[in-house]
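Values below: every heavy atom of this structure, side chains too, minus hydrogens, waters and symmetry copies. Proteins come first, then strands; the chains are lettered A, B, ... in the order of their sequence lines, and each starts at number 1.
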Amino acid sequence: MRFVKAGFVVAAMFTLAACEGQNIFGGGGGDGTGGSGQTPGAIEESSLEYFATEIGDRVLFAVNEATISEASKRVLDAQVAWLNRYPERTVIIEGHADEQGTREYNLALSARRATSVQNYMVSIGLLANRISVIPFGKERPLEICSAESCWSQNRRAVTVVAGGLGSV
Amino acid sequence: MKNSLGVFLASFMLWAFAGLAVAQDRPLIEIDMSGGVIEPIPVAIPNFIAENSGAERLANDIAAVVINDLISTGLFREIPGTAFISAVTNFNASPQFEDWRVVNAQALVTGAVSTTTDGQLVVKFRLFDVFAQAPIGDGVQYVGSAEGWRRMAHKVADTIYSRITGEAGYFDSRIVYISETGPKNDRRKRLALMDYDGANLRYLTDDSSIVLAPRFSPNARDVIYTSYANGLPQVFLMNLETGRQSALIEDALNMTTAPRFSPDGTKVVLSVIEGSNTDIYLIDLNTRRRTRLTTDGAIDTTPSFSPDGAQIVFSSDRTGRPQLYVMSANGGEATRISSGDGSYNTPVWSPRGDMIAFTKIKSGRFHVGVMRLDGSRENLLTASFIDEAPTWSPNGRVLMFFRESAGVSGAPQIYSVDLTGRNLRRVDTPGFASDPNWSAVLR
């Protein structure tokens with residue numbers, strides 16, 4: 001969609017935001033790769049928006065699993081490369097689970113997922129003291145249907161960037 | 001925060017009327033745990049007599065609470081007042097048993113209410129076996145502050161229930177739960193406290209932080225729960241008299257969940273989340289000293305003490321999907337007790353000590369079930385999209401849990417169900433409600 005409207009700079013930016021907003025809140029990135037498109041010159045590379053939409057701020061998990069898939073590793077590789085370019089940044093890894101488990105078990109399961117991400121990031125060279133983890137269990141679903149199409153988006157670990165200039 | 005201490009500590013003087021013989025020593029109804037059909041006992045509860053003019057409304061209100069308590073058990077059937085052919089006008093006169101027999105009342109409750117000039121409330125009642133034409137137990141009188149009238153009504157119902165079934169009552173008890181508002185992807189949660197029947201609701205926290213899974217201390221004066229008030233899931237302790245709340249563990253980065261008190265109230269057992277590992281710890285409330293009870297690398301969570309304090313049941317995914325295990329309260333070797341298909345979660349030891357209630361997930365369905373301590377005689381009492389987090393009535397005969405509907409408008413409500421799977425009822429709450437925990441009978 002963003003290429004179709006690339007001729008209108010303002011409109012393209014607006015559509016991109018709306019489109020990516022849907023990517024965050026309405027699904028997409030089903031294999032855990034997040035947004036991987038190229039938008040030449042549209043977004044400042046150091047921005048949080050770039051991190052969230054161009055690199056992809058999340059990875060997804062299989063049912064009851066905390067294993068990082070190969071597709072997820074590519075996203076996390078890009079996240080870590082970006083973070084190593086902006087060393088003032090820190091990250092919080094938010095772990096989440098779908099609704100198909102009990103509340104307290106899912107809290108621990110989501111900690112396991114977030115920790116998997118943390119461990120992978122450290123293994124490829126991000127300093128451990130730049131990473132913290134918050135498990136949310138099934139408390140914060142993004143998608144609210146009760147079907148695998150939504151649950152697959154909710155079984156996620158989201159890398160929330162903090163610290164540094166322009167952090168929000 | 002409103003302090004209801006006056007109601008909490010309302011004291012009851014209780015004594016028996018002399019002179020009335022006890023009619024029987026066998027219960028009128030025996031609660032059949034084998035799952036057979038129980039025919040509810042027809043009971044007549046004519047209006048309680050107001051012994052002075054200030055007591056009229058309370059007399060009606062108290063009788064209504066007594067009736068609601070008994071009917072909600074599914075063990076009693078109310079004979080409507082329109083069927084009565086005689087009225088009770090004198091509490092001290094012997095009932096016209098024949099008049100109650102022809103309307104098929106098996107049990108008859110008579111009551112009288114009066115107020116004193118210093119604001120005290122006096123509630124008296126008698127219970128009769130209509131067929132035997134004799135009282136069941138002695139008459140009972142309660143005296144307390146008028147604002148505690150609901151508790152007195154529950155005490156009356158507890159005594160009636162107990163005399164007819166031979167089981168301890170459970171109506172004078174409270175529920176702490178999570179009140180939920182808002183859409184599924186922006187749920188706001190508050191800690192809420194109410195009587196077991198939904199009355200006297202009050203909120204204990206605002207909705208600024210996620211709160212989860214509150215549990216009462218044995219004397220129901222404290223509540224322990226998980227809160228994100230510090231940004232991370234941490235166990236908090238709240239005193240219900242003062243409203244004061246604080247993190248149980250002072251280390252700012254601790255991540256703790258799934259707390260429960262020991263039966264003597266001196267310790268808390270909970271889960272500590274450390275990276276991908278979750279283990280069970282015991283915290284001494286006086287010294288705040290921690291003892292680690294499990295050490296494997298799996299998720300060990302939702303511990304619950306046996307009523308004698310000697311053992312702990314918990315769930316662990318050490319062999320894959322969560323299963324139930326029992327270990328000594330000092331830790332050490334754990335024995336797996338669940339063996340069926342699916343996963344087993346949130347075990348809770350019965351206050352009678354003989355059963356474990358749990359949440360089972362199998363083939364995408366959730367069940368609340370019970371099993372013996374050795375895992376035998378598993379009985380699934382409910383089934384739905386999500387049925388979760390059972391909590392026992394103080395007498396171990398009823399379970400509350402929450403049921404969450406599926407889909408984009410899915411939301412939780414609290415339900416109760418008999419230990420036999422009968423008498424499924426929604427517990428009345430003003431909004432969405434989850435994570436109920438049932439107190440002991442109040443003192």
Asker: What part of A/R140 gets closer than 4.5 Å to chain B, counting heavy atoms only: side chain, backbone, both or neither?
Answerer: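 It is the side chain, since no backbone atom gets that close.
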Asker: Relative to chain B, which segment of A/Q118 carries a heavy atom at a distance below 4.5 Å: side chain, backbone, both, or neither?
Answerer: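 No part of it gets close to chain B.
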Asker: Would you say B/L270 and B/V272 make side-chain contact, with heavy atoms under 4.5 Å?
Answerer: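 They are in contact (side-chain heavy atoms under 4.5 Å apart), so the answer is yes.
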Asker: At a 4.5 Å cut-off on heavy atoms, which part of B/F402 comes close to chain A: side chain, backbone, both, or neither?
Answerer: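 Contact with chain A: side chain only.
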Asker: Considering non-hydrogen atoms only, spot the tightest contact between B/K189 and B/L212 and give its length.
Answerer: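 Answer, listing the atom of B/K189 first, then B/L212: NZ-CD2, 3.8 Å.
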Asker: Any chance you could lay out the side-chain hydrogen bond (donor to acceptor under 3.5 Å, both in side chains) test for B/Q245 and B/Y225, step after step, and finish with the verdict?
Answerer: CA-CA 10 Å; B/Q245 50 194 298; B/Y225 59 102; 2.7 Å; yes
Asker: How close do B/P436 and B/Y177 get, heavy atom to heavy atom, and via which atoms?
Answerer: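 Nearest heavy atoms, B/P436 then B/Y177: CA-CB, 3.9 Å.
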Asker: Under 4.5 Å heavy-atom distance to chain B, tell me which part of A/A66 shows up: side chain, backbone, both or neither.
Answerer: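 Looking at A/A66, nothing touches chain B.
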Asker: Among B/A389, B/G275, B/A406, B/G231, single out the residue with the greatest number of heavy-atom pairs under 4.5 Å to chain A.
Answerer: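 Option with the top pair count is B/G275.
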Asker: Kindly give the heavy-atom pair with the smallest separation between A/D98 and A/K138, and that separation in Å.
Answerer: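 The pair with the smallest heavy-atom distance is O-CB, 3.5 Å.
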Asker: May I ask you to name which of B/L253, B/D317, B/T346 has the most heavy-atom pairs under 4.5 Å with chain A?
Answerer: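 Top option by heavy-atom pairs under 4.5 Å: B/D317.
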Asker: Out of B/N185, B/I299, B/D186, B/T278, return the one with the most heavy atom pairs under 4.5 angstrom to chain A.
Answerer: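 Result: the option with the highest number of such pairs is B/I299.
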Asker: Checking A/T115 against chain B: side chain, backbone, both or neither under 4.5 Å from a heavy atom?
Answerer: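 For A/T115, the contact with chain B is made by the side chain alone.
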Asker: Considering non-hydrogen atoms only, spot the tightest contact between B/E180 and B/S434 and give its length.
Answerer: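 Reported closest heavy-atom pair: OE2-OG, 2.6 Å.
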Asker: Do you know which of A/I92, A/I134, A/N119 has the most heavy-atom pairs with chain B at a distance under 4.5 angstrom?
Answerer: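 Going by pairs under 4.5 Å, I would pick A/I134.
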Asker: Do you know which two heavy atoms are closest between A/E45 and A/W82, and how far apart they sit?
Answerer: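 Reported closest heavy-atom pair: O-NE1, 2.7 Å.
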Asker: Contact part of A/E139 toward chain B, heavy-atom cut-off under 4.5 Å: side chain, backbone, both or neither?
Answerer: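 For A/E139, the side chain is the part near chain B, not the backbone.
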